[in-house]
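Order of the sequence lines sets the chain letters (A, B, ...), proteins ahead of strands, with each chain counted from 1.
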Amino acid sequence: MINYLANPVRFLKFSKIATPIFGWLSLAAFIWGLYLALIKSPPAIEHGQAVRMMYVHVPAAWCAQMAYTALAIASLVSFIWRHPLADSAARSFALPGTAFTFLALVTGSLWGKPAWGTWWQWDGRMTSVLILLFIYLGYLAIWNIIPERKRAARLASILAMVGFINIPIIKFSVDWWNTLHQPASISSPGAPGFPPEILWPLAIMVLAYTFLFGWLSLRGIEADVVRSRIARANTKPAATAIIETL
Amino acid sequence: MMRAMIKRDLTLAMRSGGTWLYGLFFFAVFIALSAIALGGSLNLMRPFAPALIWLAVIFSAMLSFPAIFQTDFEDGNLAQFKLSNQSLLSLCMAKAISFAALSILPLILATPLAALVFDMPLQNVMATMISLCLAAPALAIYGVLSSAILAGRQGGGFLIVLITTPFIIPLLIFGVEAINGYAQSALAAPELRVLIGLSLISIAVGLPAASAALKAQLE
Amino acid sequence: MMRAMIKRDLTLAMRSGGTWLYGLFFFAVFIALSAIALGGSLNLMRPFAPALIWLAVIFSAMLSFPAIFQTDFEDGNLAQFKLSNQSLLSLCMAKAISFAALSILPLILATPLAALVFDMPLQNVMATMISLCLAAPALAIYGVLSSAILAGRQGGGFLIVLITTPFIIPLLIFGVEAINGYAQSALAAPELRVLIGLSLISIAVGLPAASAALKAQLE
Amino acid sequence: MAELFSRIGAETPIKARLKVSDLSISRGGTPLFAGLSTSVSNGDILWIQGDNGIGKTTLLGALAGLNRAETGTVEWSADNQPCEARDICAYQPHKSYAKPSLTAHEDLTFWAKLHGTLSLTHHALEKVSLGPKANVRTQHLSAGQKRRLALAKLIISQKPIWIMDEPAAALDSDGTALIDELVQAHIARGGAAIIASHSGARVLSSATRTLTLRATT
Amino acid sequence: MAELFSRIGAETPIKARLKVSDLSISRGGTPLFAGLSTSVSNGDILWIQGDNGIGKTTLLGALAGLNRAETGTVEWSADNQPCEARDICAYQPHKSYAKPSLTAHEDLTFWAKLHGTLSLTHHALEKVSLGPKANVRTQHLSAGQKRRLALAKLIISQKPIWIMDEPAAALDSDGTALIDELVQAHIARGGAAIIASHSGARVLSSATRTLTLRATT
Ligand code: HEM
Ligand SMILES: Nc1ncnc2c1ncn2[C@@H]1O[C@H](COP(=O)(O)OP(=O)(O)OP(=O)(O)O)[C@@H](O)[C@H]1O
Ligand SMILES: Nc1ncnc2c1ncn2[C@@H]1O[C@H](COP(=O)(O)OP(=O)(O)OP(=O)(O)O)[C@@H](O)[C@H]1O
Ligand SMILES: [Mg+2]
Ligand SMILES: [Mg+2]
């Protein structure tokens, strides 16, 4: 599959079909999910209506991490095989990833005010998301500051890969350093878990975010492929070489 | 022709791929790192918040100081400037203005966000922003002066921190105190007046001194 | 031929009119300014002293990062290095060693003086120095890596701070925590072992990554 | 002169070969040149000519392995074994690459150490008439003296293929004569040279090949 | 051509004069030259010759008021009134002084604004054949294109005395012809030029005066 898509022409063909599908699926999931989340589901006992923030917050936090993983994998491919499509992919994962990270921070702090009484706590989980934002910004900054595309791709991919090793280290150190945030109650096995009327809308919202991520990334890759096409379109060389042997 | 100079500096900043914004990143990183180092407890840190914000602004600005004249000196633009019919004083003024706009203003605008992560009361946020605004001209002019003095020395960066520190200490002291002053007497706080005074002095003394320093650099 | 490289870097540092010492000045200025900003009361600050010293070291080191490859890149020395028969890995290693010797070691040696200012107990001073020593290799290598990635970009200075921050935060957390750990279990403190681990990881991953980045810069 | 090239001269000279096939490089969206093929081996002098901004420096960078080819390849080989650019090429860029605060002698010594040719430094420095300036920091050298120092580095590199960008710029007439002499001696000992130059220095009249980049209209 | 120098041509040309009396400058403890006296006024072309490192650049710096004389004086006058170097001199240094991230057009426009000659930028850029590169950032210009941009700045400066350090370096033959043309036109309109150069460009053969610095033995 990946091998098949590695050709930009085939990729464009594929994305022509896939992109709208992702877009519409995401829209549908959002409508359904938000309906369940905002209207159907009950307010929580401790958090009251503010719990509805969870349906925006938790998927954003998850997608932020998923996007980074995708980014790191694309970077690995780009670094080893120097494939231009992988560069486009990595670059296109970064922007939505940054946006999700930012969204997780904003919704988290909007939730923090009713839940903890402050916008922000220097708690391990939140700090590590802040650091993830720094990593994303650094990654984007490299693309931004280096005009030569190939070089930018290579340097950015090095940073993304090393940054990926760094993520468990940060998580471990920061989690261990100061904890306040909700422990992972869904992701860890045997945890008490949420009742199904909360779990369902959450799951659908996660799907919606994931499709949104797919849609944004595909569009980003398409635009990037087209852009580098245009750059290559003008092919008449400025000079001809004349070689004379004396 | 100050306009042309300011326009050029702004264009250069925009062209640099957003480099001028990195001062803002430094500001954020500084706040984050100090919060982490101090242990992250909001109750413990709240009293220090204005001080930390002031420190973040000062270090972020200080680290942009060397850039004010460094590249212009190295690539020979400063020598050409001397050969144009423009006064060095207006050059210094233009540099101070573009520095304030590019390197200090964004920090002041980011202060409310920083205040959020320390959970500062609104009044203190206002006070911090006002004190920073009043100190901005002085900060920019100290930057121009020290950069003019050290233009073209390698490693001038650190040295600039050293030579501007004595000038900046009064700003820092009164700036941080102004937050208490503001709580008591709002805009009438004597510390704020001192900050205005310091800014005026720096305009009157610092700018001519900077242009003299540039002249000395070029002969 | 790492020897030749290190020797050259040390000579350059000595020739630069003491620029390499300015990191030390920055360290001193940082300590002084934060003491002033935080209000100067010893009792209030004593618990934060190790954190402030760690912050001072980290910022001082971070600000020296850009210099590691910047000038070599700009004046074309790096391209020539690529054309010599030497491996870029050993170049990175040489740079890390000379950075540690010139920019971190003096700070560690200055720690007792800073500790004096804060009236720290002797045991904490020891603990701070040990934790800094163990983190030094990681710090130097992150510097080499980020400088290799950003060599030749203007305004790289601030950006380097941004891209190294995520790497440095674990060092900072464990470094500051190690001071408590040391008080309880001396050299057996688990935090110290984590610092050693981070340094080893950085050697295993950071150095090859830095040499790959340099290679990418030059093709 | 003999001592300088003794290492190439004494051993049987390396059979160095640089082969360019179908090379194209573009800048700012337009290809500077396309489909360029040529090769250089022992004894060749290739003179690259062309107007300002036509792409000479870019081409030299690719030959020295410092720019990656967009399409096409540049291959280097030593004794018929493929190798990397750095094994056989020395590159003198347009800009001198001396460390400002090192003295001329220290700067040269550093490179000599890297190339393992420490014994040649003194000779090389004398050869380019920088003997009296050996202890002056390179930041104080004049434009021409800096270029001479770069020539000395070419000598101590002991690489068979010299790639030189505009070597005669800023040099006086002695300097141009010096380039002639150095290149001739290098060729005589089995080296090769690729030179981009506007001024037709004397050595170029003995070029075995010229490559002219001419603007397409 | 006429438009370019219109300001000097239209007004009666300023009577600019640069007078050097008994000038000595030393570097690194030894005097480069001593007791040098000469003067340049409208219509003169002074060609400064000399081997690498003899002191040409240092001398030009002093004439442009950028190096202070150690003993002796350099005096500038406009219409017989003493003035400063910047009132009558334009200096083209060896290194081009373009801002890397500005485009050629923006960089030139900035200087034109400072000199109040904004209307000349377009002409000047065309004159030095940089028209097609007007929107390329100067960091991407080739060595010769950078020198051409520096020539354009000389044009827009509209100063009567041009001080040029090695203007022909890195230029192709069109470029050297361009220098000839520009300098001749400048002189024809009552300007003067001081040129340090190794290569005897055609214009130099029409130099009214040569100043040769020769090593004392
Ligand atoms: C800016 C502040 C915040 C940030 C950066 C943040 C970050 C995160 C992250 C990264 C996750 C995903 C954890 C995982 O991988 O399993 C998460 C999950 C969650 N967050 Fe937050 N959070 C913030 C504030 C809050 C607040 C104020 C609350 C409510 C009191 C909250 C409640 C939750 C809950 C319930 C989950 C789901 C936990 C699970 O089941 O895994 N968060 N948050
Ligand atoms: N980003 C860009 N946009 C447009 N043109 C560019 C860009 N980057 C480089 N160029 C052009 O590519 C060419 C590079 O040429 P190069 O430096 O190889 O020339 P050269 O033949 O060495 O010239 P010279 O004789 O002046 O040294 C120049 O014409 C330059 O203007
Ligand atoms: N600190 C110093 N110690 C010794 N010599 C010095 C010092 N500073 C400068 N010099 C010498 O002074 C001279 C400066 O010469 P200048 O740059 O004016 O030469 P030039 O005539 O322009 O040469 P070129 O033709 O190479 O451009 C050089 O010979 C240089 O070596
Ligand atoms: Mg060139
Ligand atoms: Mg000179």
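- Residue E:T109: no heavy atom, backbone or side chain, is found under 4.5 Å from chain B.
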- salt bridge (charged side-chain N to carboxylate O under 4.0 Å, His left out) between E:K95 and B:D75, worked out: CA-CA 8 Å; E:K95 224 172 100 192; B:D75 60 20; over 6 Å; no
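- Taking non-hydrogen atoms and a 4.5 Å limit, the residue list of residues 19-35 of chain E in contact with chain B is empty.
- There is no contact between E:E84 and chain B, counting heavy-atom distances below 4.5 Å.
- Top candidate by heavy-atom pairs under 4.5 Å with chain E, chosen from B:K82, B:E74, B:R8, is B:R8.
- Shown here is E:R209, whose CZ atom has more than 12 heavy atoms of other residues, nucleotides or ligands within 6.0 Å.
- Heavy-atom minimum distance, E:L114 versus B:A4: CD2-CB, 4.5 Å.
- Between E:F110 and B:T11 the shortest side-chain heavy-atom distance does not fall below 4.5 Å.
- Among all heavy-atom pairs drawn from E:S101 and B:L12, the shortest one is OG-CD2, 3.3 Å.
- With values rounded to the nearest 0.5 angstrom, E:Q92 atom CD is found 9.0 Å from B:Q80 atom CD.
- More than 12 heavy-atom neighbours from other residues, nucleotides or ligands sit within 6.0 angstrom of CZ on B:F73.
- Summarising the geometry, atom OG belonging to B:S84 is positioned 6.5 Å from atom NZ belonging to E:K159; distances are rounded to the nearest 0.5 Å.
- Ion pairing of E:K99 with B:D72 is present here, as a side-chain N (NZ or NE/NH1/NH2) and a carboxylate O approach within less than 4.0 Å.
- No more than 12 heavy atoms of other residues, nucleotides or ligands sit less than 6.0 Å from atom CE of B:M126.
- Across every non-hydrogen atom of E:W111 and B:F81, the tightest pair is CH2-N, 3.6 Å.
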